[in-house]
Each structure stands twice: as C-alpha cells, then as structure tokens.
Amino acid sequence: MGDAEIVGTDSLAVAVTKKILGAGDESADVQRSNLLDLSDAMASGFGRAGALAPPLDPLALTRLTGMSATLRPLLDAMAVNVHGFGYWFEPVIDLDSADTVDRVRAAMLLEAELEAEQQAGDDEKPEQVEDPSDDDVKARIDSLRVQARREKAQLEAFFANASRKVSFTRLSRKMQVDKESTGWGVVEVRRDGRGRVSRLGYAPAWTFRALPLGKPVEVDCRVRATDISYRSVKEYVRFRRYVQIYETVTRYFKDFGDPRVMSSVTGRFYDSTKALARDEGPEVLPATELLWFNLDSSESDVYGSVRWSGCIPGVVGSREQAEVNLLFFRSKAIPPMIMLVSGGKLAKGTRDRLEQTIRNEIKGVENFHKIMVIEAEPAGARGMSSAGLPSQDKVKVELRPLTDAIFKDALWQGYAEANRKELGQSFRIPPMLRGDTEGLNRATAKIAREATEQLVFSPERRDFEFDIDRTLLTDMGVMLWKFRLNSPESTDAETLVAFVTKLLEGTVSVNEARRVVSRILAIELPPFDAQWARMPIKPALAGLQAEPLPEDVEEDDEGAVDPPEDGQVEQSDEGDPPDVVKLTIPQREFDSFFEAT
C-alpha cells in the first residue's frame, strides 16, 4: 500500500496522515517489505468480505486522535456534554394534566377510526364511529396509569443493567468518542431466549465496516398510531450487514430489527437456527444486531465524515512541531555562547577538545547553558618594542552569543495556536470547554456555555434520543415514555430563583412545576399523588390563606393544627359560582415541595 492510499482514498490530507502514522519513506536501494501492518491486513480482509470503503481510514484517524494534544479534549468535551449527565424518561402523555381526558378521548376516537378502516378494506367506506363515553375514557386512563408504572419499571431495570461492565452513560460516551474520531459508532444489541432486547455492548468503531444494502425483506413494523397505542404495518425494508475484523478474527453482524437468522462466521442467512447449526456446526452462533450511529456527510451516508477532516494537515503539523521541539531539546548542538580568541592560534589539543565538546558535552537539557571555551596563543614571533622590551602579537578574547543561530519557537507557537483555533472551530466548541481559561470571565463563560449548549450539544442529544426511541423503546413495546438525556445542571442561583418565581406566578400545577424543576436540577422529584398537586399553583397558594379555625379544631402547644385529609376541596359557603373552590393543602406536603425545589 502506497503512502497516498488509505482504503480507496487518495486525497492529499489522507496521504499526509498516512505518512505520519507509519508508512515512512523507503530507499529505492532497499527491497520493499512484504509485511502487512494492521491497517493493510484489515483493509485486505474487508475487501474480501465485500465491505464498503470509508472516506478516510478509521484506524489512522483513531491513532491521530491519540497523538494530538488538542483533538482528544475536543472529543471528550463532545462526549461528556452530550452523554455525561445521565438520562431520564419523559411521559408521552401527562396523565395528571388538565387536558388528559381530552387527549385520551381523541386518541381512542382515532384508534376506532383506524380499526374501522382496516375492517372495511380498500373498496368500502368505513363506518362512522362515535365518541367514547366518559366511563370508557376514565377506565382507559386508569389502565394507562397501571401500564405507565409497569413500563417505567421496565425501562429503569433495562438501562440500569444494559451492560455488564459499564453503565449506559459510559457506554454511550465511548460510542460518541468513536463517532467523533472516525465518523461512526456502534453498539451491539443482544436478545434473550424470547427475542427481547436484553444487553448492549460496546466495540471499537474502527474494527467495523458496512456491507451494501441487501434485497428488500417484508417485515412487520411497529409504528405509533396514537399517543397511547401502536399498530403493526407490513413494510419492505432493505437491511444492511456489518463485518468486524480484529487481527485474524472475522465476525458478521446484522442490522437492528432484521428478523432473519444469520451466521456470525460466514454472514449467510438461514431459515432457522437449526439449519444454521446443521450446515456450519453447533459452535457457530447466530449473528447479533448493531445500532449504527454516524455523523452526517455528503461523502457517505453510512459512514459519515469527521468534523475535523479539513484540519488533518494542521493536526499532523502540530504533531511534527512537537516532535521537532523534543528533538531540539534532546539533541541541541548549538551552544548559547562561544568564546573567541583572536590574534593568535589554537592551542595544542584545542581542536580535539572542541570536537569532543560538541559531540558529548553540549547535547541535552542538562547542558543547555554550557558555554564553549576556545584557547589560543600568539601566532607571530616575538619582537622588540620601541622601549627595547620583548613584545608579542596581541591576543583578543571575545564572548559572542549564538542565540540567533538557535531555533526560534515564536513562529511555531503561532502555528500551533492557529491549529488549535481551527480545530475548536470545526467542533464549534469554545476554548473554555476544552480546558483553556485564559482571558475568561463570568459573563463570557456564561454566554459561551449557553450558546454551545443550544447550538451544539442539545441538537446532538435530540438526535440520539430520537434514535433510541425509534429503535430500542419501540422494539421493547414501550408506549407511554420517551428516552431523554439530561442537560447540565443549572447552578446559577439567581436564574433558579427567578425561574421558580415565574412558576409560582403562573398557572402550572404543583406536579408540573416539580417536573420542570427536576429537569433543571437533574434530580428526580416524583409527583405527589393527591388532587391538590394537580391543581394550578395559584389556587393551591390561595388554599393556604390563613382563616379562623373552626370551633372544633384546637391548636397544640406549638400553635400547629391537625391538617385535613390530603386533597380536600371544599365548596364555598358564600354562594360562590360552582367553579370557585376553596382548596385546603396539607402544609407538610406543601413545605416539602419547596424544600425539594
């Protein structure tokens, strides 16, 4: 493989990367080596498997990320800020909100219409359906509450035990680092004996390649019909196979959702696991599935392209600059100062000592400030002065600095800084988030963090959440919950106080306020199971207004009274309209709400 070849790509940037990462120059007088490095061997194996060639060699890119002092902090910043704050589950429909009855009624009506269309067929007009009764809606809401609790318990158990070795948060972070390093990341999905998603696993993305799309296969797809139901739709889907090669081992994987039985060794499909065991042996396991995540790219819709592909020459140049600086400090042979003796000649043995000094006594950091001494003696014969005294030629001793001849680093520092800035711009990550706090103050830090959160990290989270919802949660049959990634905790006290104040001034319910605050603080605040907690906050606060105690209620020694039953709502005795109520809230629960928030 030549220097300019990287898995079917001959761009200048890739050629430069390949040269730096191991394919050095070879003299025409020396026989070319026939040994294959890991990249060559893998490329040959992927070619035999029929894999598609990625735009850039992922192994070279992975090595480059480990050799760059600037690139790795950027990858970690993307992974930590997208996946590093954990996850939570958002209800598809809030069963405690004021419009729950209307939404459930509309969903039930749509379900009835879809069922009527299915029964009528293509040529017949479906029958007119009626709105569900209040009793039916109430019964459905009660059923949905039970189902929501079961589904949430199922989700919490699965994601807490998705991987035996690492947490789901760390697994997704590792996948994100791979995606930013190579353009794609992979997660293996394993099922139990009943075909249910059971385990997730991580594997390095650079060991995988994608094969061309296969022929269309008819499958039953689960799609969302309403907020509270799924329906099954037959659809023709073209699935893709994947191959992993590491050293001498080859394994095949299938696309997530592919129902066919495939060999993990040969990549061939079989009618059943028995047929696979009969043809290839009982030790050959069926292929598992892959979740494939890739960056958007016009070069490849399957592999994607790294954000920093245009910065590859700068990354390589910065690495070479660091190596040149290291070589200079280790092998410096130019002394900072030299002593010149003129008007004479070198003393006996001086030439040999000079050669020895340059060869052995100036190189290295420990000899950085060592000077070179040159001895000389008069070159001419002695004569007589005007006074009749013996005289000799004048010998001039001069100290001359040689710092102008030493490698200057100012230009290199500007070059390195330009490369760091260019890399940061390719990720759209400010210096603060990659460890550079020079010239930073509170105002600029806040603006930089908020802008990056809104324009970079939050959209990346939304994409990942969509993928998990459409793959794992849909396959698991989870209908009433959506997967969500946490955003960074808000630690600005002034902002939090202002936000909670606006909540209290608004018309949201206590439980709605708790749910929003839990998102900001990244902690779980479970809803109160009481009628008053589903009321708007303004009426809830009005219910706490001090009123004269009834004659049959007595204060204790500390001035406290026994609170009424949870959620007690009393009709006004003064002829108020029916929609005006006097809400009494247990003080201990109301206080606990504010303590939590």
Side-chain angles (χ1 to χ4, degrees), residues 49-52 114 118 151 154-155 157-159 161-163 168 171 175 184-203 205 208-225 229-244 250-294 301-302 464-483:
L52 301 173
L114 292 174
Q118 186 176 5
E151 288 184 357
Q154 177 188 4
L155 288 173
F158 170 75
F159 281 95
N161 301 280
S163 175
F168 179 80
L171 184 147
M175 181 279 301
W184 70 89
V186 298
V187 174
E188 182 196 25
V189 180
R190 291 182 289 160
R191 299 180 182 269
D192 59 17
R194 296 185 178 182
R196 299 173 299 190
V197 174
S198 178
R199 283 285 193 274
L200 304 178
Y202 162 81
F208 286 86
R209 298 291 188 277
L211 277 67
L213 288 170
K215 297 180 180 180
V217 178
E218 185 180 14
V219 295
D220 290 330
C221 296
R222 180 180 290 165
V223 297
R224 182 173 289 278
S229 62
Y230 283 117
R231 65 190 181 104
S232 180
V233 177
K234 289 189 178 296
E235 189 176 345
Y236 282 94
V237 180
R238 297 181 65 186
F239 291 104
R240 192 184 298 276
R241 294 180 300 155
Y242 305 94
V243 59
Q244 181 188 28
T250 301
R251 287 290 181 269
Y252 287 87
F253 299 82
K254 59 182 183 178
D255 228 341
F256 182 82
D258 191 341
R260 297 172 293 178
V261 176
M262 189 181 80
S263 169
S264 61
V265 175
T266 62
R268 290 197 292 265
F269 291 101
Y270 290 89
D271 295 333
S272 64
T273 54
K274 292 183 179 179
L276 169 62
R278 183 179 60 249
D279 288 359
E280 299 191 18
E283 70 280 357
V284 177
L285 299 176
T288 53
E289 301 165 60
L290 282 187
L291 289 174
W292 187 275
F293 305 90
N294 63 283
D301 59 348
V302 58
F464 184 76
E465 292 166 356
F466 178 86
D467 291 338
I468 296 299
D469 284 340
R470 288 298 179 92
T471 54
L472 292 180
L473 268 63
T474 300
D475 189 272
M476 296 167 65
V478 174
M479 185 169 53
L480 300 178
W481 298 93
K482 294 182 287 187
F483 177 86

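- Taking 4.5 Å as the limit, every side-chain heavy atom of Leu200 sits out of range of all side-chain heavy atoms of Glu188.
- Atom OG of Ser264 and atom CZ of Phe253 lie 8.0 Å apart (nearest 0.5 Å).
- For the pair Arg260/Phe239, a side-chain contact is recorded, criterion being any heavy-atom separation below 4.5 Å from C-beta on.
- In this structure, Arg238 places its CZ atom where more than 12 heavy-atom neighbours from other residues, nucleotides or ligands lie under 6.0 Å away.
- With respect to the salt-bridge test (charged N to carboxylate O, under 4.0 angstrom), the residues Arg191 and Glu289 qualify.
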### Message
Please determine whether side-chain contact (heavy atoms from CB on, under 4.5 Å) holds for the pair Val217 and Val237, giving the CA-CA distance in whole Å, both sets of side-chain angles, and the decisive distance to 0.1 Å.
### Response
CA-CA 5 Å; Val217 178; Val237 180; 5.8 Å; no
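- Atom CZ of Arg222 is separated from atom CD of Glu235 by 14.5 Å, given to the nearest 0.5 angstrom.
- Across all their heavy atoms, Ala225 and Arg231 have their closest contact at CB-CD, 3.7 Å.
- The distance from atom CG of Asp301 to atom CG of Asn294, rounded to the nearest 0.5 Å, is 7.5 Å.
- A 4.5 Å side-chain heavy-atom check between Tyr270 and Glu280 finds at least one atom pair inside the cut-off.
- Looking at heavy atoms from C-beta onward, Lys254 lies out of side-chain contact with Tyr242 at the 4.5 angstrom threshold.
- Taking the six-membered ring where tryptophan is involved, the planes of Phe464 and Phe483 are perpendicular, since the angle between them exceeds 60° and thus also 30°.
- Asp255 places no side-chain N or O within 3.5 Å of a backbone atom of Asp258 that could act as its donor or acceptor partner.
- Scanning both residues, Val302 and Ala210, for their nearest heavy atoms gives CG2-CB, 3.6 Å.
- The shortest distance between side-chain heavy atoms of Val187 and Leu171 falls below 4.5 Å.
- Annotation for Gly185 and Ala205: closest pair CA-CB, 4.1 Å, computed over non-hydrogen atoms.
- With rounding to the nearest 0.5 Å, the separation of CG in Leu480 from CD in Glu151 is 4.5 Å.
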### Message
Checking Thr250 against Val243 for the side-chain contact (heavy atoms from CB on, under 4.5 Å) test, could you report, in this order, the C-alpha distance in whole Å, the side-chain angles of both residues, the deciding distance, and whether it holds?
### Response
CA-CA 7 Å; Thr250 301; Val243 59; 3.6 Å; yes
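- Looking at heavy atoms from C-beta onward, Thr288 lies out of side-chain contact with Val189 at the 4.5 angstrom threshold.
- Formation of a donor-acceptor pair under 3.5 Å by the Arg240 side chain with backbone atoms of Leu211 is found in this model.
- Side-chain contact check for Gln154 versus Val478: some heavy-atom pair is nearer than 4.5 Å.
- Using modelled atom types, no side-chain atom of Gln244 and backbone atom of Arg209 make a donor-acceptor pair closer than 3.5 Å.
- Checked against the 6.0 Å centroid criterion, the rings of Phe158 and Phe168 do not qualify as a close aromatic pair.
- Look at Lys234 and Asp220 and you find a salt bridge, because one of the NZ, NE, NH1 or NH2 atoms lies within 4.0 Å of a carboxylate O, short of that distance.
- The two residues Val186 and Ala203 come nearest to each other via the heavy atoms CG2-O, 3.5 Å.
- By the neighbour-count criterion of 12 heavy atoms within 6.0 Å, atom CD of Glu218 is densely surrounded, having more than that number from other residues, nucleotides or ligands.
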### Query
Does the pair Ile468 and Leu473 meet the rule for a side-chain contact (heavy atoms from CB on, under 4.5 Å), with working shown?
CA-CA 6 Å; Ile468 296 299; Leu473 268 63; 3.9 Å; yes
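- With contacts defined as side-chain heavy-atom distances shorter than 4.5 Å, the pair Trp292/Trp184 qualifies.
- Distance check, rounded to the nearest 0.5 Å: CZ of Arg278 to OG1 of Thr273 gives 10.5 Å.
- Interatomic distance, CZ of Arg224 versus CZ of Arg470, reported as 8.5 Å (0.5 Å rounding).
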### Task
Check the pair Val261, Arg268 against side-chain contact (heavy atoms from CB on, under 4.5 Å), reporting the backbone distance first and the verdict last.
CA-CA 9 Å; Val261 176; Arg268 290 197 292 265; over 6 Å; no
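- Shortest non-hydrogen contact noted between Arg199 and Asn161 is NH1-O, 3.1 Å.
- For the pair Arg241 and Met262, the tightest heavy-atom approach, listed with the atom from each and the gap, is CD-SD, 3.4 Å.
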